[in-house]
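Below, chain A is the first sequence line, B the second, and so on; all start at residue 1. Values below: every heavy atom of this structure, side chains too, minus hydrogens, waters and symmetry copies.
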Amino acid sequence: MKFSKIFLPTLKDAPSDAEVVSHRLMVRAGLIRKVASGIYNYLPLGLRVIRKVENIVREEMNKAGAQEVSMPMVVPSELWQESGRWEVYGKELLRIKDRHERDFCLGPTHEEIITDMVRGEVRSYRQLPLNLYQIQTKFRDEIRPRFGLMRGREFIMKDAYSFHATEEDADKEYQNMYDTYCRIFERCGLKFRAVEAETGAIGGRFSHEFMVLADTGEDAVASCNKCNYAANVERAEIKSQGSGVRGQGSEKDKPLEKVSTPGMKTVEEVSGFLKTAPERLIKTLIYNSDKGIIAALVRGDHEMNEAKLKRTLDASWLNLADEEAVRKATNAPSGFAGPVGLKTKIIADYSIQTIINGITGANEADAHFINVNLDRDFKVGTFGDLRMVVADDLCLRCADGKLEIFRGIEVGHVFKLGTKYSEAMNATFLNEKGEEKSMIMGCYGIGIGRTAAASIEQNHDEKGIIWPMPLAPFHAHLIPLNVNDKAIMTTAEAVYKNLINAGLDVFMDDRDERAGTKFNDADLIGIPIRITVGSKALKESSVEIKMRKAADVSLIKIDDVKKKVLEIVSSGR
RNA sequence: CGGGGCGUAGCGCAGCCUGGUAGCGCACCUGCUUUGGGAGCAGGGUGUCGGAGGUUCGAAUCCUCUCGCCCCGACCA
């Protein structure tokens, strides 16, 4: 492909709405253009990269025994009603009506459709297992799309679904997909980690996320500095610290006292006003759930982890009570709730056990209690691990490890679904004994565009993108320095044809531009191998070859170019 | 959905407060010179100033409504 022919608009300035480096560079390097919030055009160069990722995914999935299918993007509401998610999924599900006023949605994920497809055909355990996948455009009406392809509303995803007759077989496939994902992201040249994760809206039993390490990542991951435990902070468990017994310290219990705290609602305000450390405060959060109104306590310097709370309560839904419900439960405006004298069920994080002479809301406006002590002043129904992990928390899985927090971009996610969808949608089969059983399912997703974006987050410099060879839109970038020089152009054309005949993807900048312009565009676009044809090297029957990621330039005889480039490309980096 | 901000040339922005008939840099077009890291000179403006309505002799500028986009938050008392 030649620059003069390709539709490749590069930009010196990035549009002001591009925040993160991958978004800026994708726009500047002419890979994508925005159509609407979270919705993008893929330009030729961008599509090439997308295709590279897709093909790696496709090859590895096929190798792992999965089969490619394609399902519709527009899905009738009935299937979603059957699974119950039409009600549950919320506003992210873009609902549309056809001309007959029938409800449809744009598929954000395809558990319902695939389950419907499989249940229609599979009757016997002999037809199992199955692993079907597609690479397709999804739509999720995200609250706040951002960061270009990183969190779009419309995005390309590989989603795979497996069906099994037994738990063991499903577990085996889960491991198979886990291993496959590791191979895929390794082939993409990414630094990543697989971490334990929450299952979220997809549901299911357990899951792992594949996180590309990047400071701009939207997720935080806790990982042990001693053992191989790693989990999304949403999920990460904490070894309860201390003995769990109050009063170990030298401090004596003081009498309970009510103090005036006009307008002081937040932990910062109260601790600042009373001149104490936030860890002395007991934060009281009033929740509404299917288990009734709950008061949940965490230490002032900690954050509640609702996923943990939900699990500990065994609740199926849970949300923070609104102002009115808070008043009803505590007789006070929000901001002044506390466990003392509270009638509702109280659940607390382990860390509450060790607070001596704590501070809580007094369940009346503009007042807090100080010197609050567990058991003497209030009772807790259940203790549990309820809070978000922070750096240096102790690892639950090993003896003396501490947790570190790093940021990551979620590029893949594997779920063991179990029978959530097969039961709801009646996807059954007959086993050897002729018994009717629900199929055991798994599902496995990879964000294609996000993987490309994540690669840029990890591989760039101030000049532009530095593609790893497997994702690069072209293998080599050929630059004839002066298109009006006959000797240079003859050589460049010869090298171009020679490399193409060798099966390589070659990009030639045949524009009548100055050297600086071409070099800068080359650095921006980030093709791994740069070959420069100029008069200096030509005198020695040579061209210059430079790797995008390296600084050094080497001369190479024109006759040896093909061999050299093939060598670099096949070495994979 | 709540708060804040922005919408002026393809991109980045100024002008708006204090109304007077639209500008800067880059890009783009023409010509000449130049040609190894974003060239120089000369010429060219490519715009419903997001849209609609209003105030006014006169609106990019003031007012109202509306649309779009961006940022922060959106359960953290």
Separation of [X] atom [atom1] from [N] atom [atom2], in whole Å?
| X | N | atom1 | atom2 | value |
| --- | --- | --- | --- | --- |
| A/Glu142 | B/C1 | CD | P | 16 Å |
| A/Glu218 | B/C71 | CD | P | 11 Å |
| A/Asp523 | B/G38 | CG | C1' | 11 Å |
| A/Glu303 | B/G73 | CD | P | 12 Å |
| A/Ile294 | B/C76 | CD1 | P | 19 Å |
| A/Met489 | B/G36 | CE | P | 16 Å |
| A/Ile143 | B/C70 | CD1 | P | 15 Å |
| A/Lys539 | B/G36 | NZ | C1' | 12 Å |

Query - Polar contact flag, side-chain donor to acceptor under 3.5 angstrom, A/Thr261-A/Asp366 - result: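 Per modelled atom types, A/Thr261 and A/Asp366 side chains form no pair under 3.5 Å.
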Query raised in the report: Does any donor atom in the side chain of A/Glu457 or A/Ser22 lie under 3.5 Å from an acceptor atom in the other side chain?
Result: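 Short answer, yes.
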Query raised in the report: So which pairs with a foot in residues 352-390 of chain A pass ring pair (Phe, Tyr, Trp, His ring centres under 6.0 Å), sequence neighbours left out?
Result: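 Matches after skipping sequence neighbours: A/Phe336-A/His368.
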Query raised in the report: Hey, does the side chain of A/Arg280 reach the backbone of A/Asn357 with a donor-acceptor pair shorter than 3.5 angstrom?
Result: yes
Requested in this report: Give a yes or no on whether the backbone of A/Glu19 and the side-chain of A/Arg24 come within a donor-acceptor separation of less than 3.5 Å.
Outcome: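 Yes, A/Arg24 side chain to A/Glu19 backbone: donor-acceptor pair under 3.5 Å.
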Query - Any A/Ser37 side-chain nitrogen or oxygen under 4.0 Å from OP1 or OP2 of B/C70 - result: yes
Requested in this report: For B/G38, take OP1 and OP2 only and decide whether either is under 4.0 Å from a side-chain N or O of A/Lys463.
Outcome: no
Query raised in the report: If you draw a 6.0 Å radius around CG in A/Asp215, do more than 12 non-hydrogen atoms from other residues or ligands fall strictly inside?
Result: no
Which is true for [X] with a 4.0 Å heavy-atom rule: it touches a base, it touches only sugar-phosphate, or it touches nothing?
| X | result |
| --- | --- |
| A/Phe336 | sugar-phosphate |
| A/Arg146 | sugar-phosphate |
| A/Arg28 | base |
| A/Arg327 | nothing |
| A/Val326 | base |
| A/Glu544 | base |

Opposite nucleotide pairing with [N], Watson-Crick or G-U, both atom distances under 3.5 Å:
| N | value |
| --- | --- |
| B/A52 | B/U64 |
| B/A59 | none |
| B/G31 | B/C41 |
| B/G12 | B/C24 |
| B/G73 | B/C1 |

Drop me the distance from [X]'s [atom1] to [Y]'s [atom2], to the nearest 0.5 angstrom.
| X | Y | atom1 | atom2 | value |
| --- | --- | --- | --- | --- |
| A/Met211 | A/Ser223 | CE | OG | 11.5 Å |
| A/Leu374 | A/Thr354 | CG | OG1 | 9.5 Å |
| A/Ile293 | A/Thr344 | CD1 | OG1 | 7.5 Å |

Query raised in the report: Between A/Ala36 and A/Ser535, which is nearer to the 5' end of RNA chain B once each is assigned its nearest nucleotide?
Result: A/Ser535
Requested in this report: Tell me which of A/Arg530 and A/Ala337 sits closer to the 5' end of RNA chain B, going by the nucleotide each one is nearest to.
Outcome: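 Checking each residue's closest nucleotide, the 5'-ward one belongs to A/Arg530.
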Please measure how far the [atom1] atom in [N] lies from the corresponding atom in [M], and state the result in whole Å.
| N | M | atom1 | result |
| --- | --- | --- | --- |
| B/A27 | B/U48 | P | 22 Å |
| B/U46 | B/C13 | P | 24 Å |
| B/C11 | B/C16 | C1' | 22 Å |

Requested in this report: Please determine if A/Lys308 and A/Asp385 form a salt bridge, counting it only when a charged side-chain N lies under 4.0 Å from a carboxylate O.
Outcome: yes
Requested in this report: Not counting sequence neighbours, which residues clear side-chain hydrogen bond (donor to acceptor under 3.5 Å, both in side chains) with A/Asp17? List them please.
Outcome: A/Lys34
Query - Of A/Asp349, A/Leu297, A/Val298, A/Val340, the residue whose pairing with A/Ile282 passes side chain to side chain contact (heavy atoms under 4.5 Å, CB included) - result: A/Leu297
Report summary line: 5' to 3', nucleotides 3-15 of chain B under a 4.0 Å protein heavy-atom cut-off (B base, S sugar-phosphate only, - none) gives --------SSS--
Query raised in the report: Which of residues 507-519 of chain A sit near RNA chain B, with a heavy atom under 4.0 Å from it?
Result: A/Arg514, A/Ala515, A/Gly516, A/Thr517, A/Phe519
**Report entry** RNA chain B contacts among residues 477-484 of chain A, heavy-atom distance under 4.0 Å
**Finding:** A/Leu481, A/Asn482, A/Asn484
Query raised in the report: With a 6.0 Å cut-off on ring centres, are A/His477 and A/Phe507 close enough?
Result: yes
Report task. Check salt bridge (charged side-chain N to carboxylate O under 4.0 Å, His left out) between A/Lys402 and all other residues, then give those that pass, not counting sequence neighbours. Result ->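 Counting only residues at least two positions away or on another chain, A/Lys402 forms no salt bridge (charged side-chain N to carboxylate O under 4.0 Å, His left out).
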